[in-house]
Structure formats: C-alpha cells, structure tokens
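The structure presented is a predicted model; accordingly, all values stated were derived computationally and were not measured.
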Amino acid sequence: MIIQHVDGSQLLITQPDHAVLAAHIMRHWQADGLQDSPRRSAILLAVQEHDNGWREVDSSPMVDDTTGQLLDFINVPAVVRREVWPRGVNRLASTPYAAALVAQHAVHVYRRFRGERGWAPFFLAMEAARDRYLQLTGSAGPEDLRRDY
C-alpha cells in the first residue's frame, strides 16, 4: 500500500494499481530500444504485474498495533515483504521472462538488506527463481535481463 496524506485525509494506492500505472507509462516509452525489443510484451507484462504479490496484503491494509496508523509497503513487517515476491513471481510462471524480471526486481529493491538476519533465504530463493525462469525462456540470457531490467 502506498499512502499519501492529502488535506488531512489518507489516499491509499495499492501496489498493483501503482504497477498498472507504471505499465501505462512504459507502453509509451520511446527510449532504450523498448519499442523494438523482441521481449517487449514480456517486459511490459513484468512492469504491469511486478507488484501482484501485494494483492492479498493490500486487500486488507495492515495497522500498527502501537500507533493505530496504517502501514505502507515500506513499513509492513519484513516477513510480509519477503512473502510477497515469491507469490508474485510464481503468478508469472506462464511467461518465464516476465517472472525472471520480477524476481530480479525483488533482488534489486531489497539489496540493502543483503547480509541482514532473516533475509538470506529470500535472496537465495529470488535469485534461484530468476535464474530458473530465465533458463526456461530458452532465448534470453543474463545480459538481456540486465539490459531489460
């Protein structure tokens, strides 16, 4: 959940809605060869679905027991953040390149936690998923993934 404070109210934006907006923007992106990429449709799917694992969390916003405040995607417990990504990546299994991109996104977004207690299994799982889905494409390699990401 993204929470914006506007005129004394809270505007709640789900992570999946944020991803749909990002995909809308990227459909019109003209730079970096995206328009001509042979992987364009998978890239756009990854952008559109990169936060699909948050559906369950955002359907019932979490509240801080101490303050009574709603928790945004940054402040939900780490265990929740770690559970979101495998679910989201697996939902893209029918489009392996999109799944690999989303797994890479998870690794990138949380890279600051590498080496922190409790995060090692997350990185191992996301990197393994990324590599497995990339291999399943049969046509894209690590350099393609880095460039497209």
Pairwise distance [atom1]([X]) to [atom2]([Y]) - rounded to 0.5 angstrom:
X	Y	atom1	atom2	result
Ile2	Phe73	CD1	CZ	5.5 Å
Glu127	Leu124	CD	CG	6.5 Å
Glu116	Tyr110	CD	OH	12.5 Å
Gln48	Ser41	CD	OG	11.5 Å
Met1	Gln10	CE	CD	10.5 Å

Examine distances only and state if a side-chain atom of [X] and a backbone atom of [Y] form a donor-acceptor pair shorter than 3.5 Å.
X	Y	value
Thr137	Leu134	yes
Thr14	Asp17	yes
Arg130	Ala103	no
Asn75	Asp72	no

[X] versus [Y], closest heavy-atom pair with distance:
X	Y	answer
Val102	Ala46	CG2-O, 3.8 Å
Met126	Val107	CB-CG2, 3.6 Å
Asp58	Pro16	OD2-CD, 3.6 Å
Arg91	Asn52	NH1-O, 2.6 Å
Tyr97	Ile43	CE2-CG1, 4.2 Å
Phe113	Phe123	C-CE1, 3.9 Å

### Query
What pairs meet the salt bridge (charged side-chain N to carboxylate O under 4.0 Å, His left out) rule with one or both residues in residues 27-41, with sequence neighbours excluded?
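Sorted result for residues 27-41: Arg39-Asp144, Arg39-Asp148.
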Could you state whether [X] and [Y] fall into the same hydrophobic cluster, counting links through intermediate Ile, Leu, Val, Met, Phe, Trp or Tyr residues with side-chain heavy atoms under 4.5 angstrom apart?
X	Y	value
Val89	Leu136	yes
Val109	Leu92	yes
Leu45	Tyr149	no
Ile25	Leu34	no
Val76	Ile74	yes

### Query
Any idea how His105 and His50 line up, ring-wise: parallel (<30°), tilted (30 to 60°), or perpendicular (>60°)?
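Aromatic pair His105/His50 classed perpendicular.
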### Task
Show your working on side chain to side chain contact (heavy atoms under 4.5 Å, CB included) between Val84 and Arg82 and close with a plain yes or no.
CA-CA 6 Å; Val84 162; Arg82 290 190 297 261; over 6 Å; no
### Arg114 NZ/CZ over Trp119 ring centroid, <6.0 Å and within 45° of normal
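Verdict for Trp119: no cation-pi partner in Arg114.
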### Query
Just wondering, more than 12 heavy atoms not from Arg112 lying within 6.0 Å of its CZ?
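Buried by this count: over 12 neighbours within 6.0 Å.
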### Query
Any side-chain heavy-atom pair from Arg87 and Val57 closer than 4.5 angstrom?
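They are in side-chain contact.
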### Task
For the residue pair Trp85 and Asp51, establish whether any side-chain heavy-atom pair is separated by less than 4.5 Å.
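Sidechains of Asp51 and Trp85: in contact.
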#### Entry: Full working for side chain to side chain contact (heavy atoms under 4.5 Å, CB included) between Leu44 and Trp29
CA-CA 10 Å; Leu44 292 176; Trp29 191 257; over 6 Å; no
Taking distance alone, no hydrogens or angles, what donor-acceptor pairs closer than 3.5 Å link side-chain atoms of residues 60-71 to residues at least two apart or in another chain?
from, atom 1, to, atom 2, distance (Å)
Asp64, OD1, Thr66, N, 2.7
Asp64, OD1, Thr67, N, 2.9
Thr67, OG1, Gln69, N, 3.1

